[in-house]
Protein chains: 2
Amino acid sequence: MGKSRSNSPADQPSLAERIRHEMDAFTPSEKRAAHLLLSHYPFAGLDTVAEFAARAGISAPSVLRFVTRLGFGGFPDFQKHLREELEAQLLSPLAKASPSDKGQGAPALSSFADAVIGNLRATVENIAPAEFDAVVTLLSDSRRHIHFTGGRFTGALARYAESHFRIVRSHVDYIEGQSALWRDRMIEIGRRDVIVAFDIRRYQEDVIALCETAAKQGATVVLLTDPWLSPIARVARHVLPAHVVAPSNWDSSAGLLLLTEAVVAAVTKRLWETAKPRMEAVERLRNEKA
Amino acid sequence: MGKSRSNSPADQPSLAERIRHEMDAFTPSEKRAAHLLLSHYPFAGLDTVAEFAARAGISAPSVLRFVTRLGFGGFPDFQKHLREELEAQLLSPLAKASPSDKGQGAPALSSFADAVIGNLRATVENIAPAEFDAVVTLLSDSRRHIHFTGGRFTGALARYAESHFRIVRSHVDYIEGQSALWRDRMIEIGRRDVIVAFDIRRYQEDVIALCETAAKQGATVVLLTDPWLSPIARVARHVLPAHVVAPSNWDSSAGLLLLTEAVVAAVTKRLWETAKPRMEAVERLRNEKA
DNA sequence: CCGATTCTGAAATTTCTGATACAGCTTTCG
DNA sequence: CGAAAGCTGTATCAGAAATTTCAGAATCGG
């Protein structure tokens with residue numbers, strides 16, 4: 001997204017402040033525009049030039065001159081700045097919502113935690129209940145065969161999911177995403193199979209290929225991804241996006257883990273009748289070995 | 001029902017809720033549009049159709065069909081509704097006080113998320129800052145060799161940590177906890193080695209044994225565990241406990257993941273001078289292969 | 001009070017955006 | 001397996017919105 005001008009979202013002084021400060025340098029009609037904008041900040045500026053002009057009681061060109069004087073390349077530029085400022089402002093209270101900065105606590109850890117918690121909240125907000133339920137139902141169908149897979153980092157999450165599912169029900173396995181080995185196994189993938197794929201940016205070619213192949217053969221694909229959606233979404237029946245941005249050089253997978261654990265919990269509950277004896281049996285076997 | 005323009009600003013249910021609710025009635029591209037909008041609500045919808053379409057990875061007409069299906073007369077209508085909703089929400093501070101619209105967001109998911117968030121808070125509270133910093137310092141020492149390990153479920157977290165550390169620095173590997181294979185490798189474990197072990201209840205015999213053996217040979221052990229502390233704590237130099245209780249038959253590993261990611265972030269930052277070129281090199285190699 | 005400068009708005013112009021028609025493709029259903 | 005239905009993107013168009021032009025109005029200085 002190439003922004004044309006110098007309207008960086010990091011301008012410390014909000015545009016409103018700047019306008020107040022430069023108010024006396026404005027011409028009369030510019031003042032009227034400024035007053036309107038400030039009195040309904042920033043929504044008045046999100047309408048069209050014509051509407052803004054009418055509401056301010058001035059002409060369209062005057063509005064244009066006004067935003068030009070503020071240093072914007074044009075009206076769209078101006079609106080974009082307002083939107084970005086608004087978005088930043090709306091998201092920030094969430095970041096500083098928790099006053100957990102008691103001075104103590106590794107600051108790195110505590111701020112990181114705040115960001116992660118924000119991610120979890122946002123993730124839950126954006127999940128469609130029907131989608132979540134559909135996934136739970138799908139994975140509770142004991143006639144289906146379930147295969148988990150993931151990329152470089154998300155592969156670990158796939159393993160995590162698999163290790164739980166394996167205990168709750170049968171016909172569960174993990175497919176190595178990176179190697180070319182999965183191609184052989186594809187011959188057995190069909191209509192009754194479910195692929196649960198984890199994939200966040202940068203999306204991984206081999207995982208995408210795996211899912212496309214599986215989908216082509218009639219398998220049902222469930223995707224856990226970031227809000228920008230892996231290309232796998234094209235072939236996926238169900239998509240569960242999670243927010244991943246954290247104050248780090250890496251993305252955070254906490255949201256994906258949350259979804260995974262919630263699904264595991266729900267499926268376990270739904271299959272409890274059969275899962276309980278199964279889990280006891282697993283436990284017995286483990287103890288014998290030890 | 002006639003598709004009138006019933007977009008009065010007083011529609012009780014926010015548009016976001018309605019979209020979440022009707023999600024499964026959407027076509028694939030409509031879902032992509034919906035996901036984009038929900039993940040950046042409502043700002044994504046304030047751009048132009050073209051930009052929205054590009055960001056969602058679909059065509060402009062699909063976006064138009066999406067907003068039409070939502071019952072709007074056109075895209076400007078849709079935008080107007082978003083602006084009004086936003087303005088109303090911003091003016092009533094009460095509206096956004098509790099973002100957990102429990103109206104019916106998958107109840108299982110949302111209550112589960114609340115529990116997990118509580119765990120994260122509690123985890124951060126109970127971490128000794130000095131301990132956290134000491135772990136970061138230890139793992140930033142490039143002369144050390146780092147080995148990750150874990151149990152049945154936590155092994156996935158160890159792999160997750162390993163996959164990140166492997167890129168940031170050298171001398172990193174993963175030791176399979178369950179198998180007896182690690183006994184052979186113990187001969188190479190000594191004073192310069194660090195074992196990072198993940199272990200929560202029920203604590204796993206073989207992982208415990210691994211750590212005890214390694215400690216006996218002079219290795220430094222870092223333990224990530226639950227608040228009841230794995231027996232490994234006795235031989236561990238540093239212990240980072242995380243809360244794990246969730247409304248499920250299983251424990252939640254989200255706290256452990258949080259700690260892991262926070263450590264990864266901190267180490268990456270501290271080693272940035274050497275990590276950056278290393279990461280670029282890794283990236284180059286990956287691209288060549290592809 | 002007059003001329004110069006600045007400001008302002010109506011109208012013309014240009015750019016760009018939203019909307020539509022249509023054809024190819026996929027999926028579904030018999 | 002084939003036909004029907006539905007979905008999606010390309011190309012295109014109409015129209016609206018932003019921008020520029022320019023002439024008239026207001027203001028200011030002398």
Side-chain angles (χ1 to χ4, degrees), chain A residues 1-2 4-5 7 23-36 44-83 190-191 211-221 229 231 233-239, chain B residues 3 5 7 22-37 44-83:
Chain A
M1 39 183 79
S4 44
R5 262 287 153 96
N7 50 345
M23 183 66 82
D24 47 357
F26 293 148
T27 72
S29 17
E30 284 170 351
K31 279 186 188 172
R32 303 188 76 172
H35 279 124
L36 171 65
L46 296 178
D47 261 308
T48 67
V49 170
E51 183 128 345
F52 186 93
R55 287 224 279 161
I58 58 179
S59 72
S62 294
V63 175
L64 269 299
R65 283 187 282 265
F66 172 64
V67 303
T68 301
R69 168 177 290 232
L70 289 175
F72 297 101
F75 200 74
D77 244 29
F78 166 71
Q79 289 190 318
K80 182 167 193 171
H81 177 93
L82 287 181
R83 283 202 306 268
R191 213 168 287 275
C211 291
E212 285 173 345
T213 306
K216 204 164 295 173
Q217 305 208 12
T220 304
V221 176
L229 302 192
R234 291 186 172 284
V235 299
R237 176 78 58 90
H238 303 292
V239 178
Chain B
K3 55 171 178 180
R5 64 187 62 202
N7 53 343
E22 296 177 14
M23 182 67 81
D24 47 356
F26 292 149
T27 71
S29 5
E30 284 171 350
K31 279 188 188 173
R32 302 192 98 197
H35 277 126
L36 172 64
L37 178 60
L46 297 179
D47 259 307
T48 65
V49 170
E51 182 129 344
F52 187 93
R55 287 224 278 162
I58 58 180
S59 70
S62 294
V63 175
L64 270 298
R65 284 187 282 262
F66 173 65
V67 302
T68 301
R69 169 178 286 234
L70 289 175
F72 297 101
F75 200 75
D77 242 29
F78 166 71
Q79 289 191 319
K80 183 167 191 170
H81 177 93
L82 287 182
R83 281 203 308 269

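Quick note: numbers below take in every heavy atom, side chains included, and nothing from hydrogens, waters or symmetry partners. This is a predicted model, so every value here is computed, not measured. Residue numbers start from 1 in every chain, and the chains themselves are labelled A, B, ... in the order their sequence lines are given, proteins ahead of strands.
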(request) Tell me which nucleotide among C:dG9, D:dA18, D:dG9 gets nearest to the side chain of B:Ser62. (result) D:dG9
(request) Name the closest nucleotide to the B:Pro76 side chain, picking from C:dA19, D:dC7, D:dT10. (result) C:dA19
(message) Using whole Å, what does the distance between atom P of nucleotide C:dG18 and atom CD1 of B:Ile58 come to?
(response) 13 Å
(request) Rounded to the nearest angstrom, tell me the gap between atom CG in A:Asp77 and atom C1' in D:dA17. (result) 16 Å
(message) Does C:dT8 have its OP1 or OP2 closer than 4.0 Å to a side-chain nitrogen or oxygen of A:Thr27?
(response) yes
(message) Whole angstroms only, please: what is the CZ-C1' distance between B:Phe52 and C:dA19?
(response) 16 Å
(message) Looking at B:Ser29, I'd like to know whether one of its side-chain N or O atoms comes within less than 4.0 Å of OP1 or OP2 on D:dT8.
(response) yes
(request) Measure from the side-chain heavy atoms of A:Pro61 and tell me the nearest of C:dA11, C:dT8, D:dA18. (result) C:dA11
(request) Check B:Met23 against B:Lys31 and note the closest heavy-atom contact, atom names and distance. (result) O-CE, 3.5 Å
(message) List the residues meeting side chain to side chain contact (heavy atoms under 4.5 Å, CB included) with A:Ser62, not counting sequence neighbours, and say none if there are none.
(response) A:Ser29, A:Ile58, A:Ser59, A:Arg65
(message) Just the rounded figure in Å: distance from C1' of C:dC16 to CD of A:Gln79.
(response) 13 Å
(message) Applying a 4.0 Å non-hydrogen cut-off, can you work out what B:Ala60 is touching in the nucleic acid: base, sugar-phosphate, or nothing?
(response) nothing
(message) Can you give me the closest heavy-atom contact between B:Gly45 and B:Leu37, atom names plus distance?
(response) N-CD1, 3.8 Å
(request) Could you tell me the separation between the CZ atom of B:Arg69 and the C1' atom of D:dT8, rounded to a whole number of Å? (result) 13 Å
(request) For A:Arg237 and for B:Gly74, locate the closest nucleotide of DNA chain C by heavy-atom distance; then report the residue assigned to the nucleotide nearer the 5' terminus. (result) B:Gly74
(request) State which of C:dG18, C:dT8, D:dT19 makes the closest approach to the side chain of A:Arg65. (result) C:dT8
(message) How many whole angstroms separate atom CZ of B:Phe78 from atom C1' of C:dT17?
(response) 16 Å
(message) How close do A:Val239 and B:His35 get, counting heavy atoms only, and between which atoms?
(response) O-NE2, 3.8 Å
(request) Measure from CZ on A:Phe75 to P on D:dT20 and round the result to the nearest Å. (result) 14 Å
(message) I need the minimum non-hydrogen distance between A:Arg83 and B:Asp47, along with the two atoms involved.
(response) NH2-OD1, 2.8 Å
(message) From CZ of B:Phe66 over to C1' of D:dG9, roughly how many Å is that when rounded to an integer?
(response) 18 Å
(message) As a test of reading the structure: which of C:dT8, D:dA18, D:dT8 is closest to the side chain of A:Leu64, going by heavy atoms?
(response) D:dA18
